[in-house]
Amino acid sequence: MLDIKFMREYPDLVQEAMVKLNAPDAPVAEALALDRRRRELLQEVETLRAERKAVSKKIGHTKDPAQRQALIETTRSWGDQLAGLEEALRTVETQFREAMLRIPNLPDPKVPVGKDEHENVVVKTWGERRHFNFPIVPHWELGEELDIIDIRRGVKLSGSRFYVLKGLGARLQRALINWMLDVHIQEHGYVEILPPVLVRSAALVGTGNLPKFAENLYHDAEEDLWLIPTAEVPVTNLYREEILPPDSLPIYHVAYTPCFRREKAAAGKDTRGIKRVHQFDKVEMVKFVEPEQSDAELMRLLDNAEDIARRLQLPYRVVQMCTGDLSFTAAIKYDVELWAPGSEEWLEVSSVSNFKDFQARRANIRYRPAAGAPTRFVHTLNGSGLALPRVMIAILENYQEPDGSVIVPEVLRPYMGGIDSIC
RNA sequence: GGAGGGAUGGCCGAGUGGACGAAGGCGGCGGUCUUGAAAACCGCUGUGGCGUUGAGCCACCGGGGGUUCGAAUCCCUCUCCCUCCGCCA
């Protein structure tokens with residue numbers, strides 16, 4: 001959520017930002033109009049309330065029954081009048097909040113202006129792409145040959161875009177989860193969280209998934225609970241409606257969770273293999289920091305994500321999103337993409353974002369810089385570290401051998417009981 | 001699933017229609033006293049909105065709605081917690 005005071009003061013800047021974001025339907029003008037109406041009503045309501053309060057107090061002190069009755073008579077009609085105004089105010093406030101929740105975050109000035117993903121900027125490329133002197137096999141074939149990925153039975157169980165990991169495939173994924181968590185905990189300074197994967201609506205509003213993106217989420221209507229699309233949701237909302245005491249920041253959390261996405265809009269796209277599925281595992285890093293630190297923290301977070309790719313010796317690149325491809329909540333965002341030689345494409349395995357105070361305002365996460373000081377909104381950031389099915393794809397395709405086997409990356413071997421090859 | 005009880009400020013806890021943004025205690029901060037500390041005593045000690053630029057006003061006693069001239073207090077509803085019974089592990 002944007003700061004309404006900033007919007008009032010610089011409406012043109014906000015409108016221009018919406019153009020850059022390619023978000024012409026963002027209800028900025030509507031929110032500003034509702035804000036004006038809201039404040040008008042608020043003043044009327046408060047004036048009337050103050051009067052009523054004063055007279056009611058007087059009634060309490062008046063002993064003479066006749067005088068008392070007279071005062072009650074004069075104020076009797078105020079109740080209805082106030083009720084009408086309060087009703088109007090409530091309506092306007094609800095509409096105002098609805099509008100505010102549908103306005104995206106403002107892009108950081110450092111974000112390149114562009115209209116869609118074609119204008120994203122590759123800011124870094126790391127590692128040598130391996131030269132293969134034999135026919136490269138895509139991961140879905142490798143997975144089937146090695147009997148470690150069973151797409152057919154996944155579909156039988158749950159429908160399209162579901163899959164089953166088996167044997168060393170399951171073990172490789174489990175090794176990746178444990179290893180990645182350990183790297184972030186032991187070497188990057190994160191504290192592990194194992195959160196619920198079902199959350200209330202309020203949590204999703206906090207991170208910006210609701211109200212705008214409900215169609216991407218699985219929802220249990222009976223209990224009104226939602227399956228999380230990413231650990232970002234429960235972990236960021238850990239401190240919802242809290243004021244963090246002095247010296248709490250920065251907070252670094254890392255969480256492994258399954259993630260659930262309906263991917264409704266993408267039917268027919270990326271249907272082969274396990275690149276785009278409804279349920280996948282992910283290790284996610286989330287930071288809560290002081291506003292002055294968030295720029296630097298973003299770069300460290302990005303490096304923490306890259307570090308996983310480097311340690312796995314997987315070639316990757318870092319792409320900076322242009323304004324037109326920025327997510328709803330991010331002020332600035334980088335993707336880490338692994339090279340997948342089998343499908344000959346870069347696979348997004350991490351999305352590293354600084355949300356500044358956008359999520360903190362929605363979720364009302366504040367901190368007190370010092371004892372007695374006024375509260376401030378924290379800055380939140382997150383990044384995958386990393387998303388698993390795609391790391392699995394990259395490992396299988398990059399580490400494949402002519403005989404159809406797959407070498408296990410060195411760092412994972414201690415997590416696989418010393419196994420160095422899947423065959 | 002059934003029956004009952006409960007939610008008050010950082011914490012404990014009083015308050016069942018008007019003098020209550022809320023007693024009292026604890027904790028915290030400041031001061032007096034002291035060489036220093038402790039004790040004692042005194043004072044202060046929530047969040048936000050509108051407006052001003054530090055006048056003032058308004059809201060908040062789990063959330064939302066209602067009754068009333070007036071609600072922490074009465075009614076409805078939701079959420080959460082506790083106790084007992086049942087069920088499942």
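Everything quoted here is computed from the prediction, not taken from an experiment.
More than 12 heavy-atom neighbours from other residues, nucleotides or ligands sit within 6.0 angstrom of CZ on A:Arg310.
The base of B:rG46 is not paired with the side chain of A:Arg368 by any donor and acceptor separated by under 3.5 Å. The base of B:rG49 lies close enough to the side chain of A:Glu46 for a donor and an acceptor atom to sit less than 3.5 Å apart.
Contact check of residues 88-102 of chain A against RNA chain B (heavy atom, cut-off under 4.0 Å) returns A:Arg90.
Nucleic acid contact class of A:Ile59 (heavy atoms, under 4.0 Å, all strands): base. Residue A:Arg8 is classed as a sugar-phosphate contact, given heavy-atom separations below 4.0 Å to backbone atoms only. Within 4.0 Å of A:Lys53, counting heavy atoms only, lie sugar-phosphate atoms of the nucleic acid but no base atom. Using a 4.0 Å heavy-atom cutoff across all strands shown, A:Arg52 reaches sugar-phosphate atoms only and no base atom. At a threshold of 4.0 angstrom between heavy atoms, the contacts of A:Thr375 are confined to the sugar-phosphate backbone, with no base atom among them.
Across the protein-nucleic acid pair, A:Ile243 atom CD1 and B:rC11 atom P stand 12 Å apart, rounded to whole Å.
A salt bridge does not link A:Glu348 with A:Lys275: none of the charged nitrogens is closer than 4.0 Å to a carboxylate oxygen. A salt bridge links A:Lys110 to A:Asp108: one of the charged nitrogens lies within less than 4.0 Å of a carboxylate oxygen. By the 4.0 Å N-to-carboxylate-O rule, A:Asp224 lies too far from A:Arg200 to be salt-bridged with it.
Of the candidates B:rG48, B:rA19, B:rG18, the closest approach to any side-chain atom of A:Ser56 belongs to B:rG18.
For residues 223-248 of chain A, every residue pair satisfying the ring pair (Phe, Tyr, Trp, His ring centres under 6.0 Å) rule, not counting sequence neighbours, is listed here: A:His219-A:Trp226, A:Tyr239-A:His253, A:Tyr239-A:Phe288. Sorted by first and then second residue, the salt bridge (Lys or Arg N to Asp or Glu O under 4.0 Å) pairs involving residues 75-88 of chain A (not counting sequence neighbours) are A:Arg49-A:Glu86, A:Glu73-A:Arg76, A:Glu87-A:Arg90.
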Exercise answer: donor-acceptor pairs, residues 165-173 of chain A side-chain atoms, under 3.5 Å, sequence neighbours excluded:
unit_1   : atom_1 : unit_2   : atom_2 : d
A:Lys166 : NZ     : A:Asp147 : OD1    : 3.4
A:Lys166 : NZ     : A:Asp147 : OD2    : 2.8
A:Gln173 : NE2    : A:Asp281 : OD2    : 2.7

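Within the structure, every side-chain polar atom (N or O) of A:Arg366 is placed at least 4.0 Å from both OP1 and OP2 of B:rU47.
Counting only Watson-Crick or G-U wobble pairs whose defining distances are both under 3.5 Å, the stems of 3 or more consecutive pairs in RNA chain B are B:1-7 with B:79-85, B:10-12 with B:24-26, B:27-32 with B:40-45, B:46-50 with B:56-60, B:62-66 with B:74-78.
Nearest heavy-atom pair, A:Gly385 versus A:Met285, reported as atom, atom and distance to 0.1 Å: CA-CE, 3.9 Å.
Not a single side chain to side chain donor-acceptor pair (under 3.5 Å) links A:Arg368 to another residue, sequence neighbours left out.
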